[in-house]
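Single-structure report; data block below.
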Amino acid sequence: MSERPRILTGDTPTGKLHLGHWVGSVKRRVELQDSHDCFFIIANMHAFTTRSDKPGEIREDTLGIVRDLVAMGVDPERSAIFLQSEVPAIAELTFLFAMLLPYNRVMRNPTLKDEIKVKNLGDTYSFGFPLYAVGQTADILAFRPVGVPVGEDQVPHLELTREVARRFNQMYCGVGDKVEDDHHVAEGGVFPVPRADVGRVGRLVGIDGDNKMSKSLNNAVFISDTAKQVQKKINKIYTGRQSPTEPGDPNNVLMQYCEIFIPDADRVAEIKDQYARGADIGDGHIKQELGAAINEMLEPMRERRAGIEGDDATVIDILKSGTSRANAIAEETLEMAKEASGLGYFKRRLDLG
Ligand code: ATP
Ligand code: MG
């Protein structure tokens with residue numbers, strides 16, 4: 001087995017991947033492929049927490065996300081893209097970890113609260129919905145990763161994961177409660193206390209200028225959008241500015257996007273300066289330049305996607321191979337966790353081929 005440090009991160013199949021995923025997490029994943037063993041989970045069971053009545057859509061989105069990841073430059077030979085539902089160790093660890101977290105601690109998670117509000121879940125959400133926060137600690141810890149490349153909204157989940165790792169190591173592995181996070185494994189802990197590795201842009205705002213760009217909020221530019229669709233969406237950005245000579249807000253959504261997606265920093269500085277002064281630079285002109293920059297970035301992704309578009313068998317092969325690699329690590333972790341927590345009665349072998 002490889003000695004390279006591992007990372008784990010992933011996506012819930014609740015839609016297609018968008019620019020927020022790229023800047024918040026996937027770009028980092030692509031970079032880390034060179035130095036780390038990478039595991040990218042498709043959290044398809046978690047998609048059931050809010051969409052159990054739409055299994056067909058979850059399946060579509062699952063396959064679509066694999067295509068999106070490959071398009072963005074994740075190399076399935078080097079990185080394992082895998083299905084949560086076919087890694088049984090994750091479900092087993094979820095049950096065990098659910099015992100290590102106080103109920104109220106889980107329900108206090110701000111990301112969970114936010115989702116209940118934004119997705120209008122009211123008070124009729126399933127029992128499984130808050131359980132996903134516990135499940136996510138198992139998704140991560142099953143791989144004993146050093147880091148988790150995520151957007152800002154995931155930091156509270158990561159904090160929960162770090163708590164589970166500490167508590168497990170302290171309760172079952174004799175790690176002292178004063179031991180620093182980085183020393184848990186050296187002191188005999190099963191689990192490293194993983195770090196959140198937030199991308200350069202931890203929270204990309206949507207084209208509505210209000211909410212986080214999100215696959216479920218109708219405010220996203222998708223990686224799979226055509227050049228025309230991209231430009232159309234960018235043109236829809238509302239700034240409230242009336243004329244090219246009206247001084248604009250250099251921090252509004254349009255300027256934020258320029259800063260993130262126009263690669264030439266001098267040009268960005270120039271645009272922002274002219275914009276702030278209202279020095280004859282129209283929103284329409286900027287939107288054209290921005291749309292072109294985004295399309296230039298997406299073009300190689302479109303080319304890579306063309307290679308696996310329409311072909312489900314290839315996508316399923318990618319998932320099968322990734323899941324097999326994921327099971328090798330997750331089963332090893334589960335065995336260690338069972339040994340430590342007194343559940344190691346005998347070795348079991350599941351045929352997870
Ligand atoms: P949903 O609305 O269903 O929660 P999502 O768009 O938030 O979907 P997730 O699958 O929850 O997508 O997130 C996958 C990863 O992408 C996470 O690490 C998350 O932090 C990151 N991410 C998602 N949206 C953004 C964004 N707008 N800016 C930065 N990072 C993001
Ligand atoms: Mg989310």
Side-chain angles (χ1 to χ4, degrees), residues 7-32 38-52 54 57-58 60-62 64-69 72 74 81-84 109-121 125 128-130 132-133 135-137 139-140 145 147-161 194-225 233 237 253 256-257 259-261 294:
I7 57 154
L8 175 289
T9 187
D11 309 279
T12 320
T14 44
K16 298 179 281 194
L17 297 191
H18 51 64
L19 294 178
H21 293 113
W22 172 246
V23 297
S25 173
V26 180
K27 188 163 189 274
R28 189 84 187 110
R29 299 182 206 178
V30 171
E31 290 162 4
L32 288 169
C38 297
F39 289 86
F40 302 137
I41 187 171
I42 312 244
N44 59 334
M45 287 315 294
H46 291 183
F48 275 79
T49 64
T50 53
R51 288 172 113 192
S52 56
K54 299 196 175 77
E57 287 182 17
I58 296 175
E60 273 299 290
D61 289 337
T62 296
I65 285 179
V66 178
R67 292 191 170 96
D68 282 335
L69 290 175
M72 286 190 266
V74 170
I81 306 174
F82 68 96
L83 279 176
Q84 185 186 44
N109 179 324
T111 301
L112 212 58
K113 282 190 181 164
D114 214 45
E115 270 183 282
I116 291 171
K117 202 164 73 201
V118 177
K119 296 179 182 170
N120 281 323
L121 301 180
Y125 51 81
F129 178 72
Y132 103 75
Q136 196 170 324
T137 71
D139 296 337
I140 297 171
V148 188
V150 282
E152 214 170 79
D153 63 316
Q154 292 296 314
V155 172
H157 284 309
L158 233 294
E159 211 31 68
L160 209 63
T161 307
R195 280 185 311 273
D197 182 354
V198 178
R200 185 170 69 92
V201 184
R203 180 184 183 277
L204 183 73
V205 71
I207 54 170
D208 56 8
D210 281 335
N211 294 298
K212 172 180 94 91
M213 185 177 282
S214 169
K215 35 185 149 68
S216 27
L217 293 180
N218 208 7
N219 65 358
V221 175
F222 295 111
I223 300 300
S224 50
D225 280 345
K233 287 181 179 177
I237 293 174
V253 53
Q256 284 178 40
Y257 279 20
E259 212 156 85
I260 295 167
F261 297 109
I294 294 175

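Scope of the values below: all heavy atoms of this structure, side chains included, with no hydrogens, waters or symmetry mates. Read the numbers this way: they start at 1 and go in the same order the structure lists the ligands and their atoms.
- An N or O contact shorter than 3.5 Å is missing between R29 and ligand 1 by distance.
- The aromatic rings of F39 and F82 stand perpendicular to each other, their planes meeting at an angle above 60°, with 30° marking the opposite boundary.
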Legend entry - Working for side-chain contact (heavy atoms from CB on, under 4.5 Å), residues H157 and N109: CA-CA 7 Å; H157 284 309; N109 179 324; 3.2 Å; yes

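- Relative to atom 26 (C) of ligand 1, the option among G20, G10, S214, P13 with the closest non-hydrogen atom is G20.
- Checked against a 3.5 angstrom limit, the closest N/O atoms of T14 and ligand 1 fall inside it.
- Proximity of a side-chain donor or acceptor of Q84 to a complementary backbone N or O of H46 within less than 3.5 Å is detected.
- Salt-bridge formation is not detected for the pair D68/K215: no Lys NZ or Arg NE/NH1/NH2 atom is positioned less than 4.0 Å from an Asp or Glu carboxylate oxygen.
- E115 and Y125 share no donor-acceptor pair across their side chains, judged by distance under 3.5 Å alone.
- Summarising the contacts of atom 20 (O) of ligand 1 with D153, V23, V150, the nearest heavy atom is found in D153.
- The distance from ligand 1 to the heavy atoms of G24 drops below 4.0 Å at these ligand atoms: 29 (C), 30 (N).
- One option in K119, E152, H157, K215 has a heavy atom closer to atom 4 (O) of ligand 1 than any other, and that option is K119.
- Atoms of ligand 1 lying under 4.0 Å from at least one heavy atom of M213, given by number and element, are 24 (N), 25 (C), 26 (C), 27 (N).
- Counting atoms of ligand 1 from 1 in the listed order, those under 4.0 Å from a heavy atom of G202 are 28 (N), 29 (C), 30 (N).
- Among the atoms of K212, some N or O lies under 3.5 angstrom from an N or O of ligand 1.
- Checked by distance only, ligand 1 and P149 stay at 3.5 Å or farther apart across all their nitrogen or oxygen atoms.
- Contact atoms of ligand 1 toward Q154: 17 (C), 18 (O), 19 (C), 20 (O) (distance under 4.0 Å to a heavy atom of the residue).
- Ion pairing between D11 and R29 holds under the 4.0 Å rule for side-chain N and carboxylate O.
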